[in-house]
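All remarks here apply to the structure that follows.
Reckoned from all heavy atoms, side chains included, excluding hydrogens, waters and symmetry mates. Every chain is numbered from 1 and lettered A, B, ... according to where its sequence line falls, protein lines coming before strand lines.
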Number of protein chains: 2
Amino acid sequence: MEEHYTIGALSRAAGVNVETIRYYEKIGLLKTPLRASNSYRYYNHAAVQRLQFIRRGRELGFGIAEIATLLELADHPERPCCEADQLAQTHLRDVEQKIKDLQAMQLVLQQIVTCQSDIAADCKLIETLGSH
Amino acid sequence: MEEHYTIGALSRAAGVNVETIRYYEKIGLLKTPLRASNSYRYYNHAAVQRLQFIRRGRELGFGIAEIATLLELADHPERPCCEADQLAQTHLRDVEQKIKDLQAMQLVLQQIVTCQSDIAADCKLIETLGSH
DNA sequence: CTTGACCCTGTAGTAACTACAGAGTTTATG
DNA sequence: CATAAACTCTGTAGTTACTACAGGGTCAAG
């Protein structure tokens, strides 16, 4: 059970690339790992889980600061989770707003893309952007 | 009709902030304007239109490089606009992909947000991120 | 013993701005 | 007319979350 990982093994296990792991360490999202005599980083299974937690958070669109808060909470299961709820709700609203913004773009772009003209003079896209 | 604008007036007229205008000039998206004797930039109405074109492009989610291409085309109405069509189509696909990604996040977040527990130990968000 | 696959640190680049600092200029007000 | 607010200038650094080297050291296989 006493598995340990080099940074490359951790990378594969958690699905996060090596440079990113070092970056997370630098910004304090991952605590500094043990070092072997050759100064290589060595990680344990807990690090894999922590990194997977981070990756899943990122996949849901949470920012680094938000994930740091969530990790803190995960480390202290006795604390109230209203902060996590708050984060999730705010983030959901952000996501929904982004979807709306993108759908508005989509609508305009769909109208433009039907353009069949040959020259820029009557290209719908150019016309749309240049209209007063 | 011979209106001229300081950078602040241009900013208000086009809805793009002053720092951004100077930034666009630096990266070559706007050509260097005339200068008054006090070294203040002075713009004409064409600059307003050009900047509005850029703003609309950005609002549709186009990148700076893409907008540079579109401006080139707008300046040469005799050229074929297949490049603009191509840009619009590619960009539309990107937007649609982003919408899909965000909708996937939305779905997961909506399930999480229904969480009614009091402590982090059984918070759905933390649980979701930490599940093996 | 050498080749290739790792690992290290540190710096710079990405996108598209935004935010100063520190200075000069112009305009409005008393 | 003085002065203060509002504007302009240049130049640099910060933002987000990484990614991409450069220039080295280390380790395992053949």
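Distance alone, capped at 3.5 Å, is enough to place a donor-acceptor pair between the Asn44(A) side chain and the Ala47(A) backbone.
As a whole-Å value, the separation of Phe62(A) CZ from dT16(D) P is 17 Å. In this entry the distance linking CD1 of Ile67(B) with P of dA15(C) reads 13 Å, nearest Å. Here dA15(C) presents its C1' atom at 8 Å from CD1 of Ile64(B), a figure rounded to the nearest Å. Rounding to whole angstrom units, CG of residue Leu30(A) and P of dA17(D) are separated by 15 Å. Separating the CD atom of Glu25(A) from the P atom of dA17(D) is a distance of 18 Å, rounded to the nearest angstrom. Following rounding to the nearest Å, Ile27(B) (CD1) and dA15(C) (P) show an atom-to-atom distance of 10 Å. Distance His4(A) NE2 to dC7(C) P: 13 Å, rounded to the nearest Å. Between Tyr23(B) atom OH and dG14(D) atom C1' the separation is 14 Å, expressed in whole Å.
The environment of Glu96(A) atom CD is dense: over 12 non-hydrogen atoms of other residues, nucleotides or ligands sit within 6.0 angstrom. Around CD1 of Ile27(A), the count of heavy atoms belonging to other residues, nucleotides or ligands within 6.0 Å exceeds 12.
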Requested in this report: Would you mind building the protein contact string for nucleotides 6-13 of chain D? One character per nucleotide, 5' to 3', B for base within reach (heavy atoms under 4.0 Å), S for sugar-phosphate only, - for untouched.
Outcome: -BSSB-B-
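Nearest heavy-atom pair, Ile112(A) versus Lys124(A), reported as atom, atom and distance to 0.1 Å: O-CB, 4.0 Å.
Using modelled atom types and a 3.5 Å distance limit, the side chains of Asp101(A) and Gln97(A) yield a donor-acceptor pair.
Within the 4.5 Å cutoff, side-chain heavy atoms of Ile99(A) are placed close to those of Gln103(A). Between Leu29(B) and Tyr23(B) the shortest side-chain heavy-atom distance does not fall below 4.5 Å.
Across residues 91-104 of chain B, not one residue has a non-hydrogen atom less than 4.0 Å from an atom of DNA chain D.
Using a 4.0 Å cut-off between a side-chain N of Lys or Arg and a carboxylate O of Asp or Glu, Arg56(A) and Glu59(A) do not qualify as a salt bridge.
Among the candidates Ile67(A), Thr69(A), Leu73(A), the single residue satisfying the side-chain contact (heavy atoms from CB on, under 4.5 Å) test with Leu71(A) is Ile67(A).
Residue contacts shown for Tyr24(B) are limited to sugar-phosphate atoms, with no base heavy atom under 4.0 Å away.
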